[in-house]
Amino acid sequence: MNIEDEEKRHTIVVLVDNEAGVLARVIGLFSGRGYNIDSLTVAEVDPVRRLSRINIVTTGTELVIEQIKALLSKLVPVHRVQDLTIEGPHVERELALVKVNGDRERLIQALRIADFMHARLVDSTPGSLVFEVTGSSDELDAFISLVEPVEVSRAGVVAIGRGEMILDGTAQDDG
Amino acid sequence: MTAQQTIAQPPADTRSMTGAQVVLQALLDQGVEVIFGYPGGAVLPLYDALFQQKTIHHVLVRHEQAAVHAAEGYARSTGKVGVVLVTSGPGATNTVTGLTDALMDSVPVVCLTGQVPTHMIGNDAFQEADTVGITRPCTKHNYLVKKPEDLARIVHEAFHVASSGRPGPVVVDLPKNILMGEAPYAEKEAGRRRTYNPRREPDPARIEEAVRLLARAERPIFYVGGGVINSGPLACALLTELVRATGYPITLTLMGLGAFPAGDPQYLGMLGMHGTYEANMAMHDCDVMVCIGARFDDRVTGRLDGFSPGSRKIHVDIDPSSINKNVPVDIAIVGDAERSLEAMLEAWKRVAPTVDRARIAPWWDQIERWRAVDSLRFRQSGTAIKPQYAIKRLYELTRDREPFITTDVGQHQMWAAQHFRFEKPRRWLTSGGLGTMGYGFPAALGVQMAHPDALVINISGDASWVMNMQEMSTAMQHRLPVKVFLVNNGYMGMVRQWQDFFHGSRRAESYMDSMPDFVKLAEAFGAVGLRATTPAELDEVIERMLATDGLVLADIVVEEVENVYPMIPGGAAHNEIKLSPEDDGGHEPISEDGMVLV
């Protein structure tokens, strides 16, 4: 296989004006061209300037990833696009709520796993427990496979650059 | 909440305005002179405002799709933004084909659509459609105006977005209550947005690198598309100057015809699936390719792994997402064609002040040998008119009047592209990307609106033309003297050609049965109908068409089963070009990979 044809996972963050339809534009760009979205999170991060931050995890060849970033940058409400996988060191975290059902013995077992994997118990009933777990996607995968849950709700990846790398809406927009 | 409360600082000299008046004022401030549209319930307030002024001329079409094509014709022949006004629901959905066409071919269009009042949106109200949802993938950007205070800014912004960067269509969806209520006005400057800044200035280092590579080339070629025409007449003049300064050959895409004068000896003709032998062979064998304002479309490249395998590629484009999309390039220059060409020309004069003819002489010798093949040749023999001959005669009899040519889609389009030669930009309008049958006639109406005294000819085919023939009525009402040159072979010719080549000559549904008598049809609309059926009649019909004031439909009955050559079959490379039926080897089956291509 050609090195250019190799598919790679990328974490891309997009800073956008928080206006109606902006998420549909981003998603439509992926679905309309058959690109993958492995994970997607959106929330307003600057209420004064009404900026939202979208974190996208996607998989594709180098050409496809370049295309995705160019297309995202072209959208009118987009301030900045940053490919954290390429642009530098960053941290990624994900949150999941994980429900385990079963008898007393099974629940105690789950509590032990939760304890050494730093998951937090957030709800319990006589026959079930709900854990909150945060960490890298791999850490979440590991926890989930160990406790054998009946239901999982994952928030998707949020990511941020380390140190001096700051994604700010105003930096390049004034030009 | 009333609109009144939201006006923070009403301009001192502005009396209170309705939303409809605000839209109209914004259009006037944008310099709009013509609107193509069709009224309906949701846009009545805007039509009422239009009725009470004299500056903007409204052209009533007979179908909303035609309004968009007419606006495209207006825009592409002038460089200005084309404006469309339609009602909600079916009015809006009927524009979708036109909007997609404008998106694919980078045509600046602002389409104002009516919408049900904001409080009824989502209720499945009468003539409600999710217009922003439906048009999101077929516009450059779109808006639903929900607040009166956003109205003026959004209309101005729509014009800015449509016309800047890589141009494209923009939809503004206008709920009826926004049009009827009061709204504050905002000046043009309000339509600038901090997030949207398409890059125009090329990177000087890249320009230098590109020109140095170009100056060393032994087998160079310029491959130029419609982006240079979009950039403006100055960009075309700079291109011509640069190409002449280098002494290098140039080929143009379907969309780029006219960007460089066709009469110049350095011009190799159009490239691509039905391009000339010399253009395609030169693309295949070149060592340095300079692509400016084109996008390596599949109709241009043929099979990608066989596309110009030995060349270093330079790509200049205003749209970063067009670069490295289909073909990886060595030097990418993001910027406006005009600015980039200016910089390249300046660098060229410094780097290579004299043309080194000896370096490229063997290349030109090779090109002349390819050119001698005369790949566009045809023989007019027998009693039937050859379609190529019809178009060639039309060209020869009209070239002095520098006509505007619009086409529909199919064989006639390719023959027109091959045999009509354009010395100037913006004279050639065709649906390149989307391939929209029915584009040509309404586009011609838009051209004629912008250029009332010019000769505007719609070269069409029988199948394409009937797709928007209702616009005869529009042309008559607005006294638009468009000349329709109908290359009538009784088939969807290109479909029939592909069936003959690739599907065992099984001509499924490609024969146009029960077509109207086009002469009588023209007469029914009050236009003039003419017909030529033999080569001897052709010139006289063309002369009579040109001498007739007003709308003319010339039915040119041609040879039924002529094929377009040269042809690079789907899935083949440039050097696998077929020149004539004899060259076909009895239509050898093409590869399976090729068969799936359209």
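Bear in mind that the values here come from a model prediction, so they are computed numbers and not experimental data. Just so it is clear: chains get the letters A, B, ... in the order the sequence lines come, proteins before strands, and each one is counted from 1.
Proximity of a side-chain donor or acceptor of B:Asp150 to a complementary backbone N or O of B:Val145 within less than 3.5 Å is not detected. No side-chain donor-acceptor contact under 3.5 Å links B:Asn123 to the backbone of B:Ala125. Of the possible donor and acceptor atoms, none in the side chain of B:Thr139 sits under 3.5 Å from a partner among the backbone N and O of B:Val170.
If you measure heavy-atom distances from B:Val132 to chain A, you find no contacts under 4.5 Å at all. Contact of B:Asn142 with chain A is made through backbone and side chain together, with heavy-atom distances under 4.5 Å. B:Ile323 touches chain A through its backbone: at least one of N, CA, C or O sits under 4.5 Å from a heavy atom, while the side chain does not.
When the heavy atoms of residues 306-318 of chain B are compared with those of chain A, none of the residues falls under 4.5 Å.
A:Ser137 and A:Glu94 are linked by a side-chain donor-acceptor pair at a separation below 3.5 angstrom, with hydrogens and angles left out of the test. Between the side chains of A:Arg93 and A:Thr134, no donor-acceptor pair of N or O atoms lies under 3.5 Å. Inspection of the A:Thr59 and A:Asn36 side chains reveals no N or O donor paired with an N or O acceptor under 3.5 Å.
Aromatic rings of B:His160 and B:Tyr196 (six-membered ring for Trp) have centroids within the 6.0 Å cut-off, being under it.
Looking only at heavy-atom pairs under 4.5 Å with chain A, the residue among B:Glu157, B:Lys146, B:Lys325, B:Arg166 that has the most is B:Lys325.
For residues 22-40 of chain A, the set of pairs meeting the salt bridge (charged side-chain N to carboxylate O under 4.0 Å, His left out) definition, not counting sequence neighbours, is empty.
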